[in-house]
Number of protein chains: 2
Amino acid sequence: MSEELVNFFKALADPNRLKIVGLLAQQPYSVEQLAAILHLRASTISHHLSKLAEVGLVSAKAESYYNVYQLEEETLQKTRRLFSQQDLAAVVEGVDMEGYDRKVVEDYSMPDGRLKTIPAQRKKLEAVLRYVVTVFTPGVRYSEKQVNEMLSRFHEDTATLRRELVGYGLMQREGGGGEYWRK
Amino acid sequence: MSEELVNFFKALADPNRLKIVGLLAQQPYSVEQLAAILHLRASTISHHLSKLAEVGLVSAKAESYYNVYQLEEETLQKTRRLFSQQDLAAVVEGVDMEGYDRKVVEDYSMPDGRLKTIPAQRKKLEAVLRYVVTVFTPGVRYSEKQVNEMLSRFHEDTATLRRELVGYGLMQREGGGGEYWRK
DNA sequence: AATTCAATTCGATGTTTATCTAATTAAATC
DNA sequence: GATTTAATTAGATAAACATCGAATTGAATT
């Protein structure tokens, strides 16, 4: 999940917490010692340590009076690994990629669902075409006449729409017969 | 410097910024596109992108109307490297270790101010020595007898204390005369 | 030159969070 | 068992920050 990664970064996104990690990388310290070194109250250190412990970066070990904290090297290593290319892709999971298309189509559509204009800008044209093409059923073959008729629902300039659909590879035309199908 | 690392973590310590990085890891996007995909206003995306750009994680490239942002893979790699053992030590630079000294001395001192024992651990010994040496006035020359007398206030084993003070370079002894002074 | 459109900046708002003091808990020494 | 001492929790405050809408900038098309 992506939340784990965010929390990890949040844990390290504070100067004092980073210093604590740096100190613990050298040797274990008690809450009191860290407070003395960093000029903070014990309660504040406690708060920071609990955040670090939440993501498994540190752990406590009771030692006579003191609560001695130590760095969990393993978590550090593991997260360094986690922080690599393919895992970054996982961060995007669950993101609404069609949001952009929908927005563009909305912008270009009139209340009756017809297009005000055919977008001139490449990116927007693509989005609209990805939307328009959904009226065709994959696998079914359509004659040019049928295609035009179906496209006329969106815009009178069916020729342009048809051409662009093929141009952007969303529909295909068989060389001779003038038949089209959705890819 | 450590601030750089903190800022880097801060830049990634937000769910939407992480998603932006994840998206840009796949392909460049314009501000508008990101806004549509993440369901945020363009101004918010702009804000996030500027934070990411501050740490060099993304860069913009003007492309006709749009400002297309792309991920700076190099920075990602570099920071992954930066976030390794020895660099964690650098985070601790500039930290007030005196606070720690004071705490250690307290731990090793009895109510009357004498040392319970002379610390065996190097770090703690250093801390105690830095404290002990403060009873000597810089510039003043002391005979070995005087030194021993003053050190006896802390611990009966004055010879060890004296030797360690010199060993750690906190006091200096003149070759022949047996005179000592604080550095 | 005028207009359009994306991007940025500005100002405001509500939330998060780092820090403190005070109170409480927990554990070890007397 | 009472007392000391470290750690945590709770409550309060102030600073940092994410987000939005509005205003401004700046570039590209007409």
Side-chain angles (χ1 to χ4, degrees), chain A residues 3 6-7 9-21 28-55 58-70 100 103-104 106-108 116-117 119-125 127, chain B residues 3 6-7 9-21 28-55 58-70 100 103-104 106-111 116:
Chain A
E3 190 153 334
V6 181
N7 286 336
F9 287 128
K10 272 191 184 174
L12 293 174
D14 175 273
N16 286 320
R17 278 201 293 271
L18 244 200
K19 281 177 194 160
I20 289 175
V21 170
Y29 283 101
S30 71
V31 175
E32 253 203 340
Q33 287 178 310
L34 290 171
I37 294 170
L38 296 177
H39 297 161
L40 292 171
R41 298 296 168 176
S43 65
T44 304
I45 298 290
S46 220
H47 166 246
H48 284 318
L49 284 170
S50 86
K51 291 218 156 190
L52 290 172
E54 252 173 49
V55 298
V58 307
S59 67
K61 186 176 59 175
E63 189 172 297
S64 106
Y65 260 89
Y66 309 92
N67 220 354
V68 175
Y69 280 84
Q70 60 189 0
Y100 175 65
K103 171 154 186 314
V104 171
E106 264 172 40
D107 287 352
Y108 276 85
K116 295 181 214 166
T117 65
Q121 295 174 43
R122 199 178 57 81
K123 297 220 172 229
K124 298 192 171 174
L125 176 57
Chain B
E3 192 151 332
V6 182
N7 286 336
F9 287 127
K10 274 191 185 174
L12 293 175
D14 175 273
N16 286 320
R17 278 201 292 272
L18 245 200
K19 281 177 194 161
I20 289 175
V21 170
Y29 282 101
S30 71
V31 176
E32 250 203 343
Q33 287 177 310
L34 291 171
I37 293 171
L38 295 177
H39 299 170
L40 292 170
R41 298 297 168 175
S43 64
T44 304
I45 298 290
S46 220
H47 167 245
H48 285 318
L49 284 170
S50 85
K51 291 217 156 191
L52 290 171
E54 252 173 49
V55 298
V58 307
S59 65
K61 187 175 59 175
E63 189 172 296
S64 104
Y65 261 87
Y66 308 91
N67 221 353
V68 175
Y69 280 84
Q70 60 189 1
Y100 173 65
K103 184 73 192 26
V104 171
E106 266 172 39
D107 287 352
Y108 276 86
S109 292
M110 298 182 287
K116 295 180 213 164

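Each chain gets a letter, A, B and so on, in the order its sequence line appears, and its residues count up from 1.
The distance between atom OH of A:Tyr29 and atom P of D:dA7, rounded to the nearest whole Å, is 15 Å. Atoms CG (A:Leu40) and P (C:dT21) sit 11 Å apart, rounded to a whole Å. Atoms CD (B:Glu54) and P (C:dT8) sit 13 Å apart, rounded to a whole Å. In this entry the distance linking CG of A:Leu38 with C1' of C:dA18 reads 13 Å, nearest Å. One can place NE2 of B:His39 at 18 Å from C1' of D:dA18, the figure rounded to the nearest angstrom. When the C1' atom of C:dA7 is taken as reference, atom CD of B:Glu63 falls 15 Å away, rounded to whole Å. For the pair B:Leu49 CG and C:dA6 P, the computed distance is 16 Å after rounding to whole Å. Taking atom CG on A:Asn67 and atom P on C:dA27, their separation rounds to 10 Å, with Å as the unit.
Here the shortest heavy-atom pairing between B:Leu12 and B:Leu18 reads O-CG, 3.7 Å. Scanning all heavy atoms of the two residues, the minimum distance from B:Ala11 to B:Val55 falls at CB-CG2, 3.8 Å. Considering every non-hydrogen atom in both B:Val68 and B:Pro28, the closest pair reads CG1-CB, 3.5 Å. The two residues A:Val58 and A:Tyr69 come nearest to each other via the heavy atoms CG2-CD2, 3.9 Å.
Contact annotation: B:Ser46 side-chain N/O to C:dT8 OP1/OP2 distance is under 4.0 Å. Of the side-chain N and O atoms in B:Arg41, none sit less than 4.0 angstrom from OP1 or OP2 of C:dA7. Contact between the side-chain N/O atoms of B:Tyr69 and the OP1/OP2 oxygens of C:dA6 is not found at any separation under 4.0 Å. Applying the 4.0 Å criterion to OP1 and OP2 of C:dC20, one finds that A:Ser43 has every side-chain N and O outside that range.
A:Ile45 comes within contact range of no nucleotide atom at all, as no heavy-atom separation falls under 4.0 Å. When heavy atoms are screened at a 4.0 angstrom cut-off, A:His48 is found touching the sugar-phosphate backbone but no base atom.
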Please enumerate all protein N or O atoms sitting under 3.5 Å from an N or O of nucleotides 11-15 of chain D, with distances to 0.1 Å.
none

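Among pairs with a residue in residues 38-48 of chain A, those fulfilling side chain to side chain donor-acceptor pair (under 3.5 Å) read A:Arg17-A:His48, A:His39-B:Asp96, at least two apart in sequence or across chains.
Contact check of residues 30-37 of chain A against DNA chain D (heavy atom, cut-off under 4.0 Å) returns A:Ser30, A:Val31, A:Glu32. In the region residues 9-16 of chain A, proximity to DNA chain C at under 4.0 angstrom, judged on heavy atoms, holds for A:Lys10, A:Asp14, A:Asn16.
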Side chain to side chain contact (heavy atoms under 4.5 Å, CB included) between B:Lys19 and B:Leu38, worked out: CA-CA 8 Å; B:Lys19 281 177 194 161; B:Leu38 295 177; 3.9 Å; yes

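A 4.5 Å side-chain heavy-atom check between B:Leu49 and B:Asn67 finds every atom pair outside the cut-off.
A distance of 12.0 Å separates CG of B:Asn16 from CD1 of B:Ile37, quoted to the nearest 0.5 Å.
Side-chain atoms of B:Tyr65 and base atoms of C:dT4 include a donor and an acceptor less than 3.5 Å apart.
When distances run from any side-chain atom of B:His47 to the nucleotides D:dA18, C:dA18, D:dA6, the shortest one goes to D:dA18. Considering only the side chain of B:Thr44, D:dT19 comes nearest among C:dT19, D:dA7, D:dT19.
Scored by the side-chain hydrogen bond (donor to acceptor under 3.5 Å, both in side chains) test, A:Ser59 finds A:Glu72 as partners (sequence neighbours excluded).
Within the helix from C:dA1-D:dT30 to C:dC30-D:dG1, the inter-axis angle between the opening and closing five-pair segments is 30°, rounded to 10°.
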